[in-house]
Protein chains: 2
Amino acid sequence: MADFGLVEQGTPIAETRRRQIEGVASALFRERGYAGTGMREIARGLQLRGASLYAHVGSKEDVLFSIVERAADRFAKALSPYLHADGMSPEYRLRGMVRAHVRVLTDNLEDSAVFLHEWRFLSPERRSEILARRDSHEQAFRDAIAAGTTGGEFRLVDERLAARNLLSALNGIAGWWRADGPLSADQIAEAYADLHLSGLLTEVSAPTTRS
Amino acid sequence: MADFGLVEQGTPIAETRRRQIEGVASALFRERGYAGTGMREIARGLQLRGASLYAHVGSKEDVLFSIVERAADRFAKALSPYLHADGMSPEYRLRGMVRAHVRVLTDNLEDSAVFLHEWRFLSPERRSEILARRDSHEQAFRDAIAAGTTGGEFRLVDERLAARNLLSALNGIAGWWRADGPLSADQIAEAYADLHLSGLLTEVSAPTTRS
DNA sequence: CCTACCGATCGGTAGG
DNA sequence: CCTACCGATCGGTAGG
């Protein structure tokens with residue numbers, strides 16, 4: 001609790017400034033959209049003039065791309081333990097993926113929302129890259145579902161549809177969740193996992209239904 | 001199949017022009033966002049000059065509001081038969097609501113996407129109105145789910161969470177569905193209804209699992 | 001990181 | 001529905 005001040009930061013000032021710019025930009029992009037946010041607005045959030053931002057970033061689109069790519073990195077990293085079954089049951093695996101995805105979402109609400117909704121303002125090449133990464137994320141969910149249907153634990157469903165159904169529901173959380181709300185990220189993750197696993201499992205394994 | 005040409009339109013030209021403007025605007029707002037679309041772009045889609053649009057609309061925001069409000073009307077109307085149970089089983093009721101919602105979404109893809117994503121660019125009063133209508137739409141789903149849990153047909157779930165889970169999944173369809181794709185709107189609606197009802201029903205009623 | 005400035009474009013109006 | 005135009009704002013650069 002005591003305030004020791006800052007002893008050693010370790011991060012170069014320039015890099016910190018970059019992150020500060022991206023942080024303000026992320027909040028504004030989420031709230032007003034990329035096209036609805038001006039560089040001067042971002043600068044104002046840091047008590048700077050608009051032109052000063054260009055000492056730290058190449059362009060407005062570069063800022064968007066940094067935010068979106070970092071978000072994509074987080075989602076990919078969170079799923080990496082689940083890319084192969086490694087003896088996990090399909091239920092355990094999918095539940096872990098749901099929890100991981102929701103955690104990234106709620107721990108990085110603004111970046112995640114920007115990642116989900118503002119990618120269309122990227123240049124064609126960058127947009128393609130991001131869409132490919134989104135697709136491989138969805139593929140990971142498809143694979144986990146397919147493993148369950150193959151093994152007989154899950155009902156026969158269209159994995160593509162079931163994966164989109166699940167991911168759309170999870171991403172929707174970014175639209176209404178608040179850190180100061182009544183439900184923790186993990187509570188929501190468990191509730192969503194229950195709902196979706198009940199929809200997939202053949203055996204009714206009495207999923208944890210707490211109030 | 002024969003082309004009889006147009007015999008009698010019945011709609012005044014001015015009203016038609018208004019709708020044409022909204023049609024072009026809806027497509028552009030969906031693709032580039034409200035803030036990313038200029039009035040001159042909308043005009044270009046109708047072979048007009050930007051200034052000419054103002055003979056038909058009061059402002060850019062008025063155009064957005066017309067689109068968004070019409071979409072809200074459609075969703076509300078589609079759910080109206082299901083606002084009260086009237087002897088319907090919870091399963092029948094919720095399945096009907098899913099089908100109705102998906103139909104409106106797929107029959108009016110552009111307007112629906114604009115309704116879902118561009119409402120934040122409305123003036124505070126109009127934004128409040130639309131958010132209230134969205135909330136009462138969600139309330140209808142909550143009610144249908146609550147009726148099922150009360151009656152014992154559905155598992156005990158947090159209705160608010162379950163409704164958001166369902167609606168987010170359904171609205172996500174607007175992000176990927178194509179009219180010329182492999183799945184009809186009704187096929188998707190049935191598949192989604194199956195997935196979600198399986199997650200809610202206490203009795204495993206062997207939902208229709210076709211390939 | 002600042003001031004000063006660039007050309008382009010924005011939503012919208014005047015007047016016909 | 002057009003031409004001509006308004007002030008404001010846009011992303012970004014020059015030069016220090």
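Residue numbers start from 1 in every chain, and the chains themselves are labelled A, B, ... in the order their sequence lines are given, proteins ahead of strands.
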Is the shortest heavy-atom distance from the side chain of [X] to the side chain of [Y] under 4.5 Å?
X: A/Phe65; Y: A/Ile130; result: yes
X: A/Arg44; Y: A/Arg49; result: no
X: A/Ile173; Y: B/Arg164; result: no
X: A/Ile188; Y: A/Thr106; result: no

Describe, in one word, how the ring planes of B/Phe141 and B/His101 are oriented to each other, choosing from parallel (under 30°), tilted (30 to 60°) and perpendicular (over 60°).
-> perpendicular
[options]: which one has an atom nearest the side-chain heavy atoms of [X]?
X: A/Ser52; options: C/dC2, D/dA4, D/dC1; result: C/dC2
X: B/Leu48; options: D/dC2, D/dG12, C/dC10; result: D/dC2
X: B/Tyr54; options: C/dG12, D/dG11, D/dC2; result: C/dG12
X: B/Ala51; options: C/dA14, C/dC1, D/dG11; result: C/dA14
X: B/Lys60; options: D/dC1, D/dG12, C/dG12; result: C/dG12
X: A/Ala55; options: D/dG12, D/dT13, C/dC1; result: C/dC1

Examine C/dT3: is either OP1 or OP2 under 4.0 Å from a nitrogen or oxygen in the side chain of A/Arg49? Give yes or no.
-> yes
A/Arg40 side-chain N/O to D/dG12 phosphate OP1/OP2 under 4.0 Å = no
Ring-ring centroid check B/Phe115 B/Phe75, cutoff 6.0 Å = yes
Over how many whole Å does the gap from [X] atom [atom1] to [N] atom [atom2] extend?
X: A/Leu46; N: C/dC2; atom1: CG; atom2: C1'; answer: 16 Å
X: A/Arg32; N: D/dT9; atom1: CZ; atom2: P; answer: 13 Å
X: B/Phe121; N: C/dG11; atom1: CZ; atom2: C1'; answer: 15 Å
X: A/Glu61; N: D/dC10; atom1: CD; atom2: C1'; answer: 16 Å
X: A/Leu64; N: D/dG12; atom1: CG; atom2: P; answer: 12 Å
X: B/Ile42; N: C/dG11; atom1: CD1; atom2: P; answer: 8 Å
X: A/Leu53; N: D/dT13; atom1: CG; atom2: P; answer: 13 Å
X: A/Asp62; N: D/dT13; atom1: CG; atom2: P; answer: 11 Å

Taking Watson-Crick and G-U wobble pairs with both distances under 3.5 Å, convert DNA chain C into its dot-bracket string, 5' to 3', dots for unpaired and | for cross-strand pairs.
-> ||||||||||||||||
Answer with yes or no whether the side chains of B/Ser89 and B/Glu91 bring together a donor and an acceptor at under 3.5 Å.
-> no
Closest to the 5' end of DNA chain D, once A/Gly58 and A/Gly36 are matched to their nearest nucleotides, is A/Gly36
